Enquirer: 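Here's a structure for you.
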Amino acid sequence: MASPPLIEFRQISRLYGMGEATIRALDCVDLVIEKHEFVAIMGPSGSGKSTAMNILGCLDVPTSGHYLFDGIDTTGFAREQYTLLRRHMLGFVFQGFNLLARTSAVENVELPLVYRGMEAGERRARARRALAQVGLAGRENHTTQELSGGQQQRVAIARAIVTDPAVLLADEPTGNLDTKTSREIMELITSLNRDNGITVIMVTHEDDIAAYAKRNLRFVDGHIQSDSAAREATAHVR
């Protein structure tokens, strides 16, 4: 029996407001993302891409439809169940890094493991391994103020992968970085997908950043306007 998709949206809608003021941020969206994919989500402001990302990350819930994760329908999950799904299966990287100030790199990376209740020695060892994996061996005890923007984003990526997540959700991961550093960060994210098998879902508004992904989705007015995987499948059939 074939394994289920890692992620599936079935007729997902997300509405805000009421009556004539209702806004359909997502409107009956169907989407399948397989294990080990690298997907970029694009679209203009108000297109629904951020809403889709929030639902993918279990930070928001749909108004209607079904979100399946590894074949399990999350519809009707209690808050605690969403928390466990985020804690054990998802890693997050944000444009603003979201690191604790005046705190060392290794302490920032340990934080998700603290929430898991992991013993201190194992936490520290895993955090050090994650920092080495992103090229920051020797920087473990530097505070965020002592690190460059690119290094801070590497710490954020290490924090996201220290739990061995199935999915890395990256929201404009290069938005605060210069061109050279952006390339370095994208090469790192690409290697995590290629070499470690982490499924990557990334929101970006930059075409050159989206080009690192193997699949591009473009949202417009709450719908998926285009899907490069669908175009490639059609071309292959022809």
Side-chain angles (χ1 to χ4, degrees), residues 3-8 33 35-37 53-62 66-147 151-173 185 188-189 191-193 195-203:
S3 61
L6 181 59
I7 285 170
E8 186 173 3
I33 296 175
K35 294 178 177 70
H36 314 309
E37 283 202 82
M53 195 67 154
N54 286 338
I55 293 174
L56 287 165
C58 298
L59 301 171
D60 194 7
V61 295
H66 297 267
Y67 173 25
L68 282 70
F69 191 94
D70 205 14
I72 298 172
D73 192 344
T74 67
T75 306
F77 265 20
R79 180 179 299 178
E80 294 78 10
Q81 290 173 292
Y82 284 119
T83 299
L84 288 172
L85 181 55
R86 288 194 303 270
R87 188 175 296 169
H88 291 274
M89 303 302 294
L90 308 176
F92 297 86
V93 177
F94 302 97
Q95 177 177 343
F97 315 143
N98 290 8
L99 301 176
L100 297 177
R102 298 183 297 279
T103 302
S104 70
V106 71
E107 289 170 325
N108 269 283
V109 175
E110 282 182 332
L111 193 58
L113 304 178
V114 172
Y115 293 137
R116 283 193 178 185
M118 187 176 291
E119 186 270 334
E122 185 179 354
R123 283 201 317 259
R124 185 57 53 98
R126 289 184 62 163
R128 287 181 177 277
R129 286 197 298 270
L131 285 165
Q133 191 174 352
V134 301
L136 288 181
R139 296 285 197 277
E140 295 94 342
N141 296 318
H142 286 60
T143 65
T144 53
Q145 291 98 325
E146 296 171 322
L147 299 173
Q151 289 171 331
Q152 290 184 51
Q153 191 61 297
R154 287 176 184 269
V155 173
I157 293 170
R159 181 184 58 193
I161 65 172
V162 74
T163 57
D164 295 322
V167 182
L168 180 65
L169 296 162
D171 191 358
E172 300 282 3
I185 292 299
L188 172 59
I189 291 174
S191 72
L192 292 171
N193 170 252
D195 302 332
N196 296 76
I198 298 175
T199 302
V200 177
I201 305 173
M202 173 182 68
V203 165

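Owing to the predicted nature of the structure, the values given are computational and were not obtained by experimental measurement. Every heavy atom of this structure was used, including side-chain atoms; hydrogens, water molecules and symmetry mates were not.
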Enquirer: I'd like to know whether H142 forms a side-chain contact (heavy atoms from CB on, under 4.5 Å) with L136, so could you lay out the CA-CA distance, the side-chain angles of the two residues, the decisive distance to 0.1 Å, and finally the verdict.
Expert: CA-CA 10 Å; H142 286 60; L136 288 181; over 6 Å; no
Enquirer: Just by distance, do the side chain of R123 and the backbone of V114 share a donor-acceptor pair under 3.5 Å?
Expert: no
Enquirer: To the nearest 0.5 angstrom, please state how far the CZ atom of R159 sits from the CG atom of L111.
Expert: 7.5 Å
Enquirer: What heavy-atom pair brings Q152 and L147 nearest, and what distance separates the two atoms?
Expert: NE2-O, 3.2 Å
Enquirer: Any salt bridge (charged side-chain N to carboxylate O under 4.0 Å, His left out) pairs touching residues 160-171, not counting sequence neighbours?
Expert: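 Non-adjacent pairs meeting salt bridge (charged side-chain N to carboxylate O under 4.0 Å, His left out): R126-D164.
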Enquirer: Could you tell me if the side chain of I189 sits less than 4.5 Å from the side chain of P173, heavy atoms only?
Expert: yes
Enquirer: Could you tell me the separation between the OG1 atom of T199 and the NZ atom of K35, rounded to the nearest 0.5 Å?
Expert: 8.0 Å
Enquirer: Measure across L168 and A160 and return the closest heavy-atom pair with its distance rounded to 0.1 Å.
Expert: CD1-CB, 3.5 Å
Enquirer: Among I185, I161, V155, whose side-chain contact (heavy atoms from CB on, under 4.5 Å) with V134 holds?
Expert: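 Exactly one candidate clears the test, I161.
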Enquirer: For the backbone of R87 and the side chain of R116, can you confirm whether one donor and one acceptor N or O come within less than 3.5 Å of each other?
Expert: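 Between the backbone of R87 and the side chain of R116 there is a qualifying donor-acceptor contact (under 3.5 Å).
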Enquirer: Which heavy-atom pair separates P112 from V162 by the least distance, and what is that distance?
Expert: CG-CG1, 4.2 Å
Enquirer: How close do V167 and I198 get, counting heavy atoms only, and between which atoms?
Expert: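 Minimum heavy-atom contact is C-CG2, 4.2 Å.
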Enquirer: Around atom CG of L84, are there more than 12 heavy atoms of other residues, nucleotides or ligands at under 6.0 Å?
Expert: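 Above 12, so yes.
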Enquirer: Stepwise, does the side-chain contact (heavy atoms from CB on, under 4.5 Å) test hold for I7 with I201?
Expert: CA-CA 11 Å; I7 285 170; I201 305 173; 3.6 Å; yes
Enquirer: Taking distance alone, no hydrogens or angles, what donor-acceptor pairs closer than 3.5 Å link side-chain atoms of residues 97-107 to residues at least two apart or in another chain?
Expert:
{"residue": "T103", "atom": "OG1", "partner": "A101", "partner atom": "O", "Å": "3.1"}
{"residue": "S104", "atom": "OG", "partner": "E107", "partner atom": "N", "Å": "3.2"}
{"residue": "S104", "atom": "OG", "partner": "E107", "partner atom": "OE1", "Å": "3.0"}
{"residue": "E107", "atom": "OE1", "partner": "S104", "partner atom": "N", "Å": "3.1"}

Enquirer: If you measure from CG on L6 to CG on D70, what distance do you get to the nearest 0.5 Å?
Expert: 6.0 Å
Enquirer: In Å and rounded to the nearest 0.5 Å, what is the CE to SG distance from M89 to C58?
Expert: 10.5 Å
Enquirer: Which residue, V61, D60, L169, forms the side-chain contact (heavy atoms from CB on, under 4.5 Å) with N54?
Expert: D60
Enquirer: What closest approach, in Å, do I72 and F77 show between heavy atoms, and which atom pair accounts for it?
Expert: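 For I72 and F77, the tightest heavy-atom pair comes out as CG2-CZ, 4.1 Å.
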Enquirer: For G71 and L68, work out which heavy atoms get closest and say how close.
Expert: O-CD2, 4.1 Å
Enquirer: Decide yes or no on side-chain contact (heavy atoms from CB on, under 4.5 Å) for T163 and Y115, but give the supporting numbers first.
Expert: CA-CA 11 Å; T163 57; Y115 293 137; over 6 Å; no
Enquirer: Just how far is it from atom CD of E110 to atom CZ of R128, taken to the nearest 0.5 Å?
Expert: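 Going from the CD atom of E110 to the CZ atom of R128 covers 8.5 Å.
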Enquirer: Quick one: pull up CE in M53 and CE in M202 and give me the separation to the nearest 0.5 Å.
Expert: 9.0 Å
Enquirer: Answer yes or no: is there a side-chain heavy-atom contact under 4.5 Å between L188 and Q153?
Expert: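 Result no, sub-4.5 Å side-chain heavy-atom pair not found.
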Enquirer: Please work out which of the three classes, parallel, tilted or perpendicular, describes the rings of F92 and F94, given edges at 30° and 60°.
Expert: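 Aromatic pair F94/F92 classed parallel.
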Enquirer: Would L59 and Y82 count as a side-chain contact (heavy atoms from CB on, under 4.5 Å) if you check the C-alpha gap in whole Å, the side-chain angles of each, and the deciding distance to 0.1 Å?
Expert: CA-CA 8 Å; L59 301 171; Y82 284 119; over 6 Å; no
